[in-house]
Amino acid sequence: MMDGATPKQQVVNGFPKSTACINIYYIIYNNRKMVMKLNCRVVYACSQFSTSAVAIAPALLPHKQMPWASSSSSSSSCIIQDKDLLCRSLHPSGTGLHVLDLLDRGSLEPHPTLYHLLLKKCTRLRKLKLGKIVHAHFLDSIFRHDLVILNTILNLYGKCGCLDDARKLFDEMPLKDMVTWTTLITAYSQRDRPFHALLLFPHMLSLGFFPNQFTLSSLLKASAAFTNTPHIHSHGTQLHAFCFKCGFQSNVYVGSSLLDMYARCGCMDEAHLVFDALHTKNDVSWNALIAGYARKGQADHALWLFWKMLRQEFQPSHFTFSSIFGACASTGCLEQGKWVHAHVIKSGGEIVAFMGNTLLHMYAKSGSIEDAKRIFDRLVQRDVVSWNSMLTAYAQHGLGKEAVQWFQEMLRTGVVPNDITFLCLLTACSRAGLLDQGQYFFKLMRDYNIEPQISHYVTMVDLLGRAGHLHEAKRFIGEMPIKPTAAVWGALLGACRMHKNMELGTYAAERVFELDPHDSGPLVLLSNIYASAGRWSDAAKVRKMMKESGVKKEPACSWVEIENTLHVFVANDDAHPQIEEIRKMWEEISVRIKQIGYVPDTSHVLFYMDQQEREVKLQYHSEKLALAFALLNAPPGSTIRIKKNIRVCGDCHSAIKFVSQVMRREIIVRDTNRFHHFYDGSCSCGDYW
DNA sequence: GTAGGGTTAG
């Protein structure tokens, strides 16, 4: 250490005396002539390095005011004692170029650590441009063959997404080690090129490099990207065998990647086995398992694991909460989601971006649009996803005008819309019958350089079709610049069902069947079209065709959550232990609603039978069973929330309106398309859905 | 020097 205590205090007079200040001071103190020469440069460099250096910058007044200015020295080089400190003080907004400048001028002694620290900083702050300059500078230095530094540069390119630069550097490196291979594999794995990552593995092995836990974690992540490809899935199982053979499968990093790989392929039993076999578990292993169940829509299991995780004193993170809220959103478990939300508040956690968006989404998906808005208002950061989630909430509630206003507010705030924004907006317009505005927004997409995807075309066909413009919708399909998919024709078919157009409906159904012969949806719709028009023999033909081709219709189900338990009902099902009470309840309700004007609409029964039989069939649609059950078991006066896996049928829709009036209950039904808020004899959809 | 987990549509 030098004897510079006295001038140090004078320089930093009135400013915080941090180590960074002292460090910069050493540069000046060691070479008094350099102060003359480099004064401005050093002050500028200081201002780039740290906030405390910025603080001392004004104190570096003209040299004559400094205590050492009158002295002279012949020293020609500046030696920084603590280079590490200098680099660590590099400010995020700084260019760092002055460190290189000081190196060029011989004011700093070159050292691999200096390059290393600069590159690490560039990687962490994703400062690619500066990183490239440091790379060029490094290649001119005597350390240009240093493998550790070259691996660090490779990692910088990978983390910044410059995969071509990374590959070029990798190919040009005369000497590689296992970290070099791992770094490139990781770059490909993290940057959406899983196949490239997997391809490197056999090559690496053939050259005699043996993978470590880092390599295997990245390879497993890459193999997890292929969830729907059986051939690739076998890569995952082969890697599992490899990990097992090398004794890595119980390692917490490798094991977490392994269980995540199985979870993403939908193999939850295998994922759970890997989890149980882990020697030590951490929050990532718990989160990977919870997220797996959440993705599969098994909210009950995800929640069970969440509470178990807490009991075992693992700290849930925003990753955990995001998965839990997502699971509650998809299954409509609002009550349990609220418990977890309460836990976040109680533990003092902030509602940060990612987690906040899933929480917002959960409230929106569960029909609590006011709660969703409250969360939106409290978000610490709002991004395009936050705005889109609210837009979706308006769309699903049929609040088209509110969605349009929200979009305008979004633009005013300066948030740039993306493809999903427009999808939500078009959906909102479609469900609210806002034909002109929907067409306007579709054209507006081009102003934002967003190329309409197939989903946008599907929504446009839906918009035109619902509004009754069936032939215009067909023309629109014919003029599409991309090949229409089954979903596009399916949207037209749905509209034909709504407007009872058999001719066009049959045509659309044929197109859907050509493109997707395994989907039961179009055939069910076609059968419905015939049945509702009384053409029973045609309806029967379609049913026979379905049977012969092995196409199976997904059974209609409804769910209702009572006291944290989800109850499932299937049409005409008698599996529920309370089924007798439920039927009796519905019969009583049925009498009461008929007294105030309910008339069963038997066109929704798809089989040929007499009027009385058809009424009986209608009585036991799954949503009616769920409603009767909820009326028996839910707290008096509470809102009843029912979820359905297909669209609510017209007769049930009418019946539930009357029930809301007779029983004085708010009833919310969420079907695959939207929410229906029934209150006092009417529905929020205005009978347009 | 290199690793694993979370969001919005349909």
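Heavy-atom basis, side chains included; hydrogens, waters and symmetry copies ignored. Quantities reported herein were computed from a predicted structural model and do not represent experimental measurements.
- Using a 4.0 Å heavy-atom cutoff across all strands shown, A:K176 reaches no nucleic acid atom at all.
- Surrounding CD of A:E409 are more than 12 heavy atoms belonging to other residues, nucleotides or ligands, all under 6.0 Å away.
- Between the CG atom of A:D260 and the P atom of B:dG5 there is a distance of 5 Å, rounded to whole Å.
- Nucleotide B:dT2 holds its C1' atom 16 Å from the CZ atom of A:F210, rounded to whole Å.
- Taking side-chain N and O atoms only, A:K281 has no distance below 4.0 Å to OP1 or OP2 of B:dG5.
- Using a cut-off of 4.0 Å between Lys/Arg side-chain N and Asp/Glu carboxylate O, A:D516 and A:R511 are scored as not salt-bridged.
- Looking only at distances, a side-chain donor or acceptor of A:K176 sits under 3.5 Å from a matching main-chain atom of A:F170.
- In this structure, the nucleotide among B:dT2, B:dG6, B:dG4 sitting nearest to the side chain of A:M178 is B:dT2.
- Heavy atoms of other residues, nucleotides or ligands lying less than 6.0 angstrom from CZ of A:R378 number 12 at most.
- A:T421 comes within contact range of no nucleotide atom at all, as no heavy-atom separation falls under 4.0 Å.
- Between B:dG5, B:dA3, B:dA9, one nucleotide has an atom nearer to the side chain of A:S455 than all others, and that is B:dA9.
- Within 4.0 Å of A:N282, counting heavy atoms only, lies at least one base atom of the nucleic acid.
- Taking the side chain as every heavy atom from C-beta outward, A:F306 and A:W286 never approach each other to under 4.5 Å.
- In summary, A:D371 and A:R374 engage in a salt bridge, as defined by a charged side-chain N under 4.0 Å from a carboxylate O.
- Closest approach to the A:D383 side chain among B:dT7, B:dG6, B:dG10 is made by B:dT7 (side chain taken as heavy atoms from C-beta onward).
- Under the 3.5 Å distance criterion, with hydrogens and angles disregarded, no donor-acceptor pair is assigned to the side chains of A:T152 and A:N155.
- For B:dA3, one of the phosphate oxygens OP1 or OP2 lies less than 4.0 angstrom from a side-chain nitrogen or oxygen of A:Q190.
- Close to B:dG5, at under 4.0 Å from its OP1 or OP2, lies a side-chain N or O of A:K221.
- DNA chain B is contacted by A:N287, A:A291, A:R295 of residues 285-303 of chain A, taking any non-hydrogen atom closer than 4.0 Å.
- Atom CG in A:L359 sits about 13 Å away from atom C1' in B:dG6, given to the nearest Å.
- Listed nucleotides B:dG10, B:dA3, B:dG5 differ in distance to A:T427; the shortest reach to its side chain belongs to B:dG10.
- Counting non-hydrogen atoms under 4.0 angstrom, A:Q453 reaches nothing in the nucleic acid.
- Here A:V458 lies out of heavy-atom contact (under 4.0 Å) with every strand.
- Atom NZ of A:K373 and atom P of B:dT8 are 21 Å apart (whole Å).
- No hydrogens or angles considered: nothing links the side chains of A:H272 and A:Y262 as a donor-acceptor pair under 3.5 Å.
- Taking atom CG on A:L220 and atom P on B:dG5, their separation rounds to 10 Å, with Å as the unit.
- Nucleic acid contact class of A:D283 (heavy atoms, under 4.0 Å, all strands): base.
- For A:I420, the side-chain atoms get nearest to B:dT8 when compared with the rest of B:dA3, B:dG5, B:dT8.
- Nucleic acid contact for A:S257: sugar-phosphate only, since backbone atoms but no base atoms lie under 4.0 Å from a heavy atom of the residue.
- To the nearest angstrom, C1' of B:dG4 lies 14 Å from CZ of A:F275.
- A:H318 comes within 4.0 angstrom of a nucleotide base, judged by non-hydrogen atoms across all strands.
- The existence of a salt bridge linking A:R431 and A:D462 is excluded, since no basic side-chain nitrogen approaches an acidic carboxylate oxygen closer than 4.0 Å.
- Considering only side-chain atoms of A:V385, the nucleotide from B:dT2, B:dG4, B:dT7 that sits closest is B:dT7.
- Side-chain N/O atoms of A:R264 include none lying less than 4.0 angstrom from OP1 or OP2 on B:dG4.
- One atom, CG of A:L379, and another, C1' of B:dT8, lie 13 Å apart when rounded to the nearest Å.
- Below the 3.5 angstrom threshold, one finds no donor paired with an acceptor across the side chain of A:N357 and the base of B:dG6.
- Side-chain proximity of A:R431 to the nucleotides B:dT2, B:dG6, B:dG10 is greatest for B:dG10.
- Out of B:dG4, B:dT8, B:dT2, the shortest distance to the side chain of A:S217 is found at B:dG4.
- Between the CE atom of A:M445 and the P atom of B:dA9 there is a distance of 16 Å, rounded to whole Å.
- At a cut-off of 3.5 angstrom, the base of B:dG4 holds at least one donor-acceptor pair with the side chain of A:S256.
- Nearest nucleotide to the side chain of A:V284, out of B:dA9, B:dT8, B:dG4: B:dG4.
- Judged by distance alone, the side chains of A:S189 and A:S218 never bring a donor and an acceptor atom under 3.5 Å apart.
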